[in-house]
Amino acid sequence: MWERCVRIFPMCIQALPSDRNQTIYIQSDHFKRNGKKGITVYEGAVQMSQGTIQINADKITIYSVDNKMNRIIASGNPAQFQQQPAEDKELVIAKGTTIEYLVAKEKVFLVNNASIVQDGATMSGERINYDIKDAVVTAVGNPTSTDNKRIQIVIPPQADN
């Protein structure tokens, strides 16, 4: 099996609860909405924000059910998702060629050239799954590829108190 998974405990990723209650702002060059299918597509240097959540991508597709956003797919070179996990924490910055955000389940999937940076720690791999609610990160590499794309993790030294 080409997949290697690792669970990272030092990276405690959570979200500010107030983000869900904030207004959503979106800027793009193009916009297309299909109300019957519940699909909205934004293209061209798309910037989307809600509280501390920011998504920047070449294209963002939003899937809605009953006029409620339930899935966001962002693509770019790379697409970027960032969020402040707590008021006293630095931003978590996540990147990938494709980012899928399941809104209600609070899960983010980073695919192709995926990376997460938080509090000086970094993780990169072919795929990173980020469970915001349960604060769990899982990474997948592809060591059998021609360029041996394994998971890479860098954890800076802890300061003595």
Side-chain angles (χ1 to χ4, degrees), residues 1-28 42 45-63 69-145 147-161:
M1 180 181 252
W2 64 270
E3 295 181 348
R4 285 193 181 176
C5 298
V6 70
R7 194 173 249 196
I8 301 303
F9 296 102
M11 299 178 82
C12 182
I13 302 171
Q14 298 175 351
L16 280 175
S18 61
D19 283 342
R20 280 188 160 209
N21 302 323
Q22 302 295 317
T23 301
I24 297 171
Y25 298 94
I26 302 172
Q27 295 181 20
S28 70
Y42 300 89
V46 186
Q47 297 174 331
M48 180 177 180
S49 64
Q50 181 181 27
T52 68
I53 296 172
Q54 286 191 344
I55 301 173
N56 297 313
D58 297 330
K59 178 180 177 180
I60 293 179
T61 304
I62 298 174
Y63 298 86
M69 201 179 316
N70 70 344
R71 188 172 122 194
I72 300 168
I73 296 180
S75 58
N77 193 19
Q80 178 175 302
F81 174 95
Q82 71 180 37
Q83 184 172 32
Q84 186 175 0
E87 291 185 25
D88 61 338
K89 295 282 186 182
E90 292 182 28
L91 288 174
V92 173
I93 299 173
K95 296 180 182 180
T97 304
T98 302
I99 299 174
E100 182 176 8
Y101 178 33
L102 302 179
V103 178
K105 293 181 179 182
E106 296 185 63
K107 295 182 188 239
V108 176
F109 305 105
L110 311 167
V111 182
N112 294 329
N113 297 318
S115 67
I116 291 181
V117 177
Q118 180 185 16
D119 295 330
T122 63
M123 177 192 314
S124 61
E126 279 302 291
R127 180 179 177 97
I128 299 173
N129 300 332
Y130 165 21
D131 186 327
I132 299 166
K133 186 170 50 175
D134 293 332
V136 174
V137 178
T138 306
V140 178
N142 186 352
T144 61
S145 69
D147 54 356
N148 197 21
K149 292 188 178 189
R150 299 179 70 202
I151 300 161
Q152 293 186 6
I153 300 165
V154 177
I155 301 170
Q158 303 264 326
D160 292 335
N161 289 337

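Quick note: residue numbers are just sequence positions, from 1.
- Listed here is the closest heavy atom pair of Ser124 and Ile128: CA-CD1, 4.2 Å.
- Taking 4.5 Å as the limit, some side-chain heavy atom of Ile62 sits within range of a side-chain heavy atom of Ile26.
- Between Gln22 and Gln50, the side chains place no donor N or O within less than 3.5 Å of an acceptor N or O (distance only, hydrogens not considered).
- Atoms CZ and CD, from Phe81 and Gln54 in turn, are 10.5 Å apart once rounded to the nearest 0.5 Å.
- Between Leu102 and Phe109, some side-chain heavy-atom pair lies under the 4.5 Å cut-off.
- Counting only heavy atoms from C-beta outward, the side chains of Lys107 and Asn129 never approach each other to under 4.5 Å.
- Atom-to-atom distance recorded for Gln82:CD and Asn56:CG is 7.0 Å, nearest 0.5 angstrom.
- A heavy-atom distance below 4.5 Å is found between the side chains of Glu126 and Asn112.
- Taking every heavy atom of both residues into account, Gly141 and Ile151 meet most closely at N-CG1, 3.6 Å.
- The shortest distance between side-chain heavy atoms of Gln80 and Ile93 falls below 4.5 Å.
- Closest approach of Ala74 to Ile55, counting heavy atoms only: CB-CG2, 3.8 Å.
- Taking each heavy atom of Val103 and Met69 in turn, the nearest pair found is CB-O, 3.8 Å.
- Heavy-atom minimum distance, Leu110 versus Ser115: CD1-O, 3.6 Å.
- Of the possible polar contacts, one joining the Thr52 side chain to the Gln84 backbone as a donor-acceptor pair under 3.5 Å is found.
- Residues Tyr130 and Gln83 form a side-chain contact, since some pair of their non-hydrogen atoms from C-beta on lies under 4.5 Å apart.
- Note that NZ of Lys59 and OG1 of Thr98 are 10.5 Å apart. Values are rounded to the nearest 0.5 Å.
- Asn113 CG to Arg127 CZ: the interatomic distance, rounded to the nearest 0.5 Å, is 14.0 Å.
- When every heavy atom of Ser75 is checked against every heavy atom of Ala57, the shortest pair comes out as O-CB, 3.3 Å.
- Exactly one residue among Ile60, Asn70, Val108, Ile73 makes a side-chain contact (heavy atoms from CB on, under 4.5 Å) with Tyr101. That residue is Val108.
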